[in-house]
Structures are given as structure tokens and as C-alpha cells.
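Just so it is clear: chains get the letters A, B, ... in the order the sequence lines come, proteins before strands, and each one is counted from 1. Model, not experiment: these values are computed from the prediction.
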Amino acid sequence: MAKPKIAFFDFAGCEGDQLQIANLEERLLDILGHVEVVSFREVVTGHSDDYDVAFVEGSITRPEDEIRLKEIRKNAKVLVALGACAAIGGINCLKNFMAENVYREEVYGGSARWFPTYAARPLKSVVKVDAEVPGCPIDPVEFARITKELLQGRAPWIPDFPVCVECKQAGNVCRYEMGKMCLGIITRAGCKAACVTEGAHCWGCRGLVPGANLDAARIVMDRAGSDRKATQDLLRFFLGDTGAAL
Amino acid sequence: MAKTPAAKPAVKKEAAKAKKSPATPISVPAKVAGPKKVHVHYLTRVEGHGNIVVDVEADGRVSTCRWEVPEAPRFFEAMLIGRDYKDVHHIVSRICGICAIGHQLASLQATEDALNINVSEQTHILRRLALHAENLQSHLLHIAYLVLPDLMGVDSILPLATTHKDAVLKFIAARRVSNEFSRLICGRTTHPQRMTPGGFTMFPTTEQLETLRGMLTDALSNLDFAVDFFSGIMDKFPKFERPTEYIGLVSPSEYAMYWGEIGSSTDERRPVRQYRNITREYMIPTSTAKWTKNQGESYMVGALARFNLNAEHLLPKAAAAAKKLGLKKGCTNPYLITIAQLVECVHTVEDSLQLTDELLARGIRDEAPAKASIAAGRGAGAVEVPRGILFHAYEYDEHGRIFQADCVIPTNQNHGNIQKDLDALVPLLSGLSEKEMELRLSMLVRAYDPCISCSTHFIDARGLDDQKPSMVQFNYKK
């Protein structure tokens with residue numbers, strides 16, 4: 001049987017997710033034994049439009065990106081959003097809360113009109129996305145598992161419960177007990193509460209957990225003494241394209 | 001592309017022309033083989049999107065020679081406006097997946113400078129280690145995964161895993177150490193969470209530091225192998241010399257990576273806060289990234305610039321590696337940036353071993369981050385990241401929120417130099433086939449290890465000069 005052909009593409013993003021894949025090191029070689037990589041610009045020279053699975057990183061931020069993404073969608077049997085920028089819009093959506101002339105001129109000054117741009121958005125607002133590998137950055141182990149499930153022809157599973165579940169398992173003290181803010185209460189698990197464990201708090205990079213109760217979350221944050229500006233900052237960090245952002 | 005039959009007579013014609021008028025002042029290379037076209041759309045094995053567009057006419061005249069950067073702009077400096085000082089380094093981290101730690105460090109330096117936060121000695125040591133871990137990781141990725149395939153005549157590292165299995169496994173092993181190194185100090189290799197204004201939120205244990213020392217010692221032997229391996233294939237690097245201005249951090253006491261003054265091979269030293277006098281950003285229509293120039297038409301930053309400015313401060317094993325590889329201070333061949341990176345890898349591991357020993361001798365303390373005194377102010381930071389000197393400069397308002405921000409990225413500083421190198425190189429290559437030309441030109445750009453997603457958000461730092469803090473002058477450049 002011919003090996004499935006896979007390809008990697010990127011739009012506006014930091015390419016940190018493809019780096020996570022390169023960081024699989026020896027395990028990457030194992031995965032590569034089962035597939036044929038026809039396009040991986042960051043690591044391999046050569047490109048082909050004949051592929052089965054397309055992994056796409058980054059957000060859509062300008063009209064011309066849509067044309068390229070639709071082309072990828074047409075060629076691919078399965079399209080996978082890789083990382084927060086692709087899956088939920090992520091950090092690129094911060095600019096969506098500013099007037100376009102402000103952010104353009106802030107960066108490019110008087111030459112602001114040279115380059116096209118529009119509100120940043122996830123892939124799913126342009127094409128059908130078959131699966132996602134969430135997170136900023138993605139977890140390489142989860143990527144390997146999802147890829148395996150896709151290659152076996154199964155619909156990949158990602159956790160449908162909030163980060164709090166894994167955070168308890170990790171033995172962390174709840175950030176709210178410490179008088180701090182945290183988005184673990186509404187964020188999809190699967191990261192083993194990595195940021196909380198490292199002494200920070202959950203930023204929401206894996207997107208909203210299905211059925212997230214946003215009203216309740218805001219009440220929890222209000223009660224914990226967060227001012228509205230701080231709550232807004234946190235909800236816009238990664239969740240700017242969701243209903244959570246204020 | 002193979003030579004077309006039609007191209008052959010053109011050669012003869014050209015040669016005949018050249019014979020007839022030997023005194024022609026126009027520098028027509030002897031071996032021009034008809035018009036040539038090298039259009040590389042989305043150069044591979046670099047981070048981000050870049051195009052090389054070169055057209056050589058039948059008479060050898062170069063009609064087009066462009067390095068284009070069509071990456072989607074991301075507007076980070078604008079996205080920082082109004083953000084709290086505690087979140088800023090987490091946002092800028094997302095500028096680049098490869099240099100996330102470097103962005104965090106430059107950002108923290110700028111924030112701490114602006115808000116008068118004084119961090120502990122232990123924090124400095126840990127941050128130096130974090131920077132080393134990332135530089136090592138990025139350099140090894142570039143040397144082994146991105147550059148080595150060209151030298152071995154293949155299109156990626158994958159075929160080398162079969163033909164040069166031993167070498168590839170050693171490179172991978174060294175890279176695994178760099179990743180693990182990063183994990184032990186920062187908690188994660190990409191967008192780490194432990195660093196915060198004033199210090200760290202979590203610390204490696206004594207046992208982890210001892211493990212790290214063992215791993216770094218092992219890495220040294222793998223790097224010895226790498227140095228031997230590369231010293232055997234030095235002839236595969238193209239010969240091309242073009243002197244330029246070299247800019248990087250300098251320090252009287254060390255091979256400056258973590259802090260220092262801004263040094264130049266042709267200009268005076270400057271404190272970091274005066275970085276805008278050096279970077280002078282400008283824009284061109286074919287690039288969403290900004291370009292820079294200082295004394296000359298362009299300047300270079302990165303491993304070769306650092307080596308040329310600081311070689312005498314290399315630690316002994318790194319100095320020995322440079323000698324073995326034949327890399328000498330004053331090197332003007334941009335293809336050898338990769339070799340300077342390899343020398344830096346050795347230095348990085350040596351210095352990390354010393355820092356780890358120092359931490360173990362001091363004993364690691366679980367200390368709270370230093371407090372900020374929130375008041376309006378501005379500050380700047382600079383660190384040497386894999387691709388060169390990185391500047392972040394911020395102005396904060398009285399609530400500790402960003403009023404304006406400026407980040408100057410190494411790759412932006414190199415774009416102009418890449419263009420000037422291409423301008424000088426293309427006429428020398430016009431005797432080669434299109435395929436060979438494409439390879440040489442791609443290799444040149446790859447040597448710079450451009451990090452293009454990094455470079456496309458930057459900026460106009462209005463008013464962050466050394467004057468007293470004043471709230472805001474919206475004076476856009478041009």
C-alpha cells in the first residue's frame with residue numbers, strides 16, 4: 001500500500017508548531033517511516049500538490065491567504081489546523097480589537113497602505129477543518145497521537161473537559177486560591193496544565209472547552225477581585241475570535 | 001534547468017564579442033550562457049516566507065536581483081499597546097517559535113529597565129543559561145537540518161539519516177540535549193512560562209542541574225565530532241568574500257551574548273538605549289519586513305558578526321574549534337556564518353558548564369520575583385539571539401501598561417545585507433547553470449538563517465531616544 005502523503009503549510013504565525021514537530025527528534029523519524037512528506041518548507045526542499053493530509057499552521061490575515069488556503073483545501077483529503085493561530089485565531093486576533101488604521105500606522109507608519117491586511121481569523125472561518133491540534137505551542141506528543149489516529153482513518157479525539165481536571169491531577173494549588181486569574185475553568189484540557197504547573201496561569205491557548213459557561217466564568221473572576229480590564233486582557237489573549245472575548 | 005540547445009550559440013557569440021573588444025569597461029563574465037532566470041518562490045529550509053528573484057540577460061547584464069519578503073505582517077508592536085507589563089513578554093514570545101526565549105529576555109530587560117526592577121544574581125545566571133539553551137538549539141537546527149543537506153547535495157536531512165546515519169544521530173543527540181537543557185531551565189522549549197518580570201516562578205532542582213552538567217559534558221563530545229566532520233567538508237562552502245559592517249553586543253570581559261554595549265566593526269560603541277542611531281529602519285515595497293542600515297549600505301548581525309567582534313573572548317575549546325575549522329577573525333565570507341555558529345555552539349556549552357557549576361556552588365534558592373514600582377517610564381533591552389542582536393524598547397504609562405513599543409529583529413537588520421550580497425554574487429555566478437545558480441543563491445540566503453516570521457512586525461519606535469520620558473510624540477518616519 002502506498003504511504004499516505006502529508007504536507008505542511010503556514011500562514012501568519014511563528015512556525016513554533018512545526019518546530020515542535022522537528023523537536024520530536026528520533027520519534028519524528030518513526031513517524032516519517034509511515035508517511036511520505038511531500039511539502040515541509042521549513043525542513044525540506046521540494047514541493048508537490050499531491051497530498052492526502054495537509055497540516056496548516058497560522059491564522060488567515062489577508063484576502064490573498066484565503067485563495068491559497070482554499071487551494072490547499074481542494075488538494076487535501078484531510079485538513080488539520082495546527083496550533084492556536086490556525087485552530088482559534090489565537091494571539092493574532094489581538095489586533096482585531098484595534099482600529100485598522102491604528103495598528104497599520106503603529107507598525108508601518110506612513111507606508112501603512114502598502115500591504116493588505118484584515119481581521120485575523122482561524123482557518124475554520126474560511127474552509128472546512130477536519131481536525132485540530134490545539135495549543136500555543138502544540139504538544140508534540142499529542143500531535144504524534146492525532147497523526148497516528150488520522151493515519152488509521154479514525155476521527156482524532158481531543159479532551160472535552162477543562163484544564164482544571166488535569167491541573168488537579170498535577171497537584172497544583174488553584175490560582176483563584178492565590179488571588180490570581182486563570183482561564184483553566186473554560187479552556188480545553190490536554191496540556192497537563194503546563195503553564196499553571198510552571199508557576200504561571202492558564203491563558204486559554206487550547207480554546208474553549210465544549211459547553212464552557214462564560215457567564216459563570218466572569219462571575220468567578222469578578223468575585224476573585226479581577227478588575228474588568230484585567231479580565232478583558234486575559235480573555236483576549238488567545239480567545240479573541242470566540243464568544244469569550246469582551 | 002538543463003542548458004537549452006538555443007543557449008549554446010549565445011555562448012559562442014558572447015565569447016566572440018568579448019574577444020573583439022577586450023578593453024570594454026563593462027564587466028561581462030567570460031562564460032555567460034544566455035539569459036538566466038532564478039525565481040525561487042518561498043525559499044525552503046528557512047523560517048518564514050522569502051523569495052529570490054534574479055534575471056540575467058543574454059549579455060550577462062543583471063536586470064533583476066531581489067530578495068523579497070512577502071510574509072503576512074502581524075502587527076505585534078500595535079498589539080502590545082495597553083497591555084500590562086506582566087503579560088508583555090508572553091505576547092512577544094509569540095513573535096517567533098524559534099527565538100521565543102530571546103524575545104522574552106530582551107522584553108524582560110526592557111520592562112525591568114523601564115520599571116526599575118532589579119533582579120538577583122541567580123536570575124541573571126538562569127537567564128544566561130536560558131539564552132544559551134536556545135542559541136544552541138537554534139544553531140544546531142540550522143547547521144544540521146537546514147544547511148548540511150546543501151553541502152551533501154541532498155534536499156533535506158532525511159536521506160542523510162540513511163547515508164550518514166552515525167553523524168545524523170550525533171547531531172540529533174546534541175539537539176536533544178539542547179531541548180532538554182531548555183526544558184530544565186525554562187520548563188518548555190517554545191514559549192516557556194517560568195520567566196517573569198523580576199525573576200523566575202519555578203527553579204531547577206540541584207539534581208536537575210547535576211543532570212544538566214552531565215548532559216552538557218556529553219554534548220561537548222558530540223560537538224567535537226561535529227567540528228571534525230565539518231572540518232572535513234570545508235571545501236564544500238562556496239568561496240565568496242564581501243566585507244561589510246559587523247554589528248553585535250560587545251563587552252570588555254566576555255563573548256557578549258546576554259548584555260553589553262552595541263559594537264561595530266567600523267563605528268563607535270554605543271549604549272543599548274541609543275540603538276536607533278544604529279538600526280535606522282526603512283521600508284521597501286517588496287518586503288513586509290523593515291530593513292536597516294548604519295555606516296555603510298548595509299550591515300550584518302549574527303554569529304559571524306559576533307565572532308568578528310569578539311573572537312578573542314571565546315572559551316578555550318571554542319577557540320580550538322575555530323582554529324580547526326580555519327575560521328579567523330575578520331572573515332568576510334557570509335557562507336561561513338554556519339561555521340561561526342558551530343564555534344558558538346562549543347562556546348555556549350563550555351560557558352553553560354561554568355554557569356551550572358556556579359549555580360551548584362551557590363546553591364539554588366527558591367526566591368520570589370523582584371517587585372516592580374509602577375510608574376511611567378521607558379527602557380530598552382538587547383540580547384544576542386541566534387540570528388543576531390535583538391532590541392526591544394518600551395514606554396510604559398503610570399499604570400504599568402505599554403504606551404508604545406519597538407522591537408528590532410536581527411533578520412530585519414540582515415535583509416539589506418542579504419540584498420547587497422546577492423547584488424555582488426549574481427554577476428560572479430552568471431557562468432553557472434540556472435540550477436547551480438539557484439543553489440548558490442539559496443545557500444547564501446540560508447546561511448543567514450533568516451527568521452522571517454520574526455522580521456515582519458516591526459516598526460517605528462517613536463521617541464524612544466535618550467531624552468527624558470515624555471508622553472508621546474506621534475512623529476512617523478517619512
Practice task
With A:Arg68 as the cation and A:Phe9 as the aromatic partner, state whether NZ or CZ is under 6.0 Å from the six-membered ring centre and within 45° of the axis.
Solution key: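 Negative - A:Arg68 is either too far from the ring of A:Phe9 or too far off its axis.
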Checking heavy atoms, do the side chain of [X], its backbone, both or neither come under 4.5 Å from chain A?
X: B:Asp87; value: both
X: B:Leu146; value: side chain
X: B:Leu43; value: backbone

Practice task
For each of A:Leu19, A:Val37, A:Thr197, tally heavy-atom pairs with chain B at distances under 4.5 Å, and name the one with the top tally.
Solution key: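 Most pairs with chain B among the choices: A:Leu19.
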Problem - Nearest atoms (heavy-atom pairs only) where A:Arg236 meets A:Leu94 - result: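 Where A:Arg236 meets A:Leu94 most closely, the heavy atoms are O-CD2, 3.6 Å.
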Problem - Residue part contacting chain B, namely of A:Gln18, when any heavy atom lies under 4.5 Å - result: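 No part of A:Gln18 comes within 4.5 Å of chain B.
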Problem - chain B contact via A:Ala194 - side chain, backbone, both or neither, heavy atoms under 4.5 Å - result: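 Contact with chain B involves the side chain of A:Ala194 alone.
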Handout entry: Side-chain donor-acceptor pair present, A:Arg121, A:Asn96, cut-off under 3.5 Å
Key =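 A:Asn96 and A:Arg121 do not have a side-chain donor-acceptor pair below 3.5 Å.
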Problem - The single option from A:Leu82, A:Ile21, A:Asp17 passing side-chain contact (heavy atoms from CB on, under 4.5 Å) against A:Val133 - result: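 Of the listed options, the one satisfying the test is A:Leu82.
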Exercise for the section: Drop me the distance from B:Cys186's SG to B:Phe200's CZ, to the nearest 0.5 angstrom. Expected result: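 Atom-to-atom, B:Cys186:SG and B:Phe200:CZ are 6.0 Å apart.
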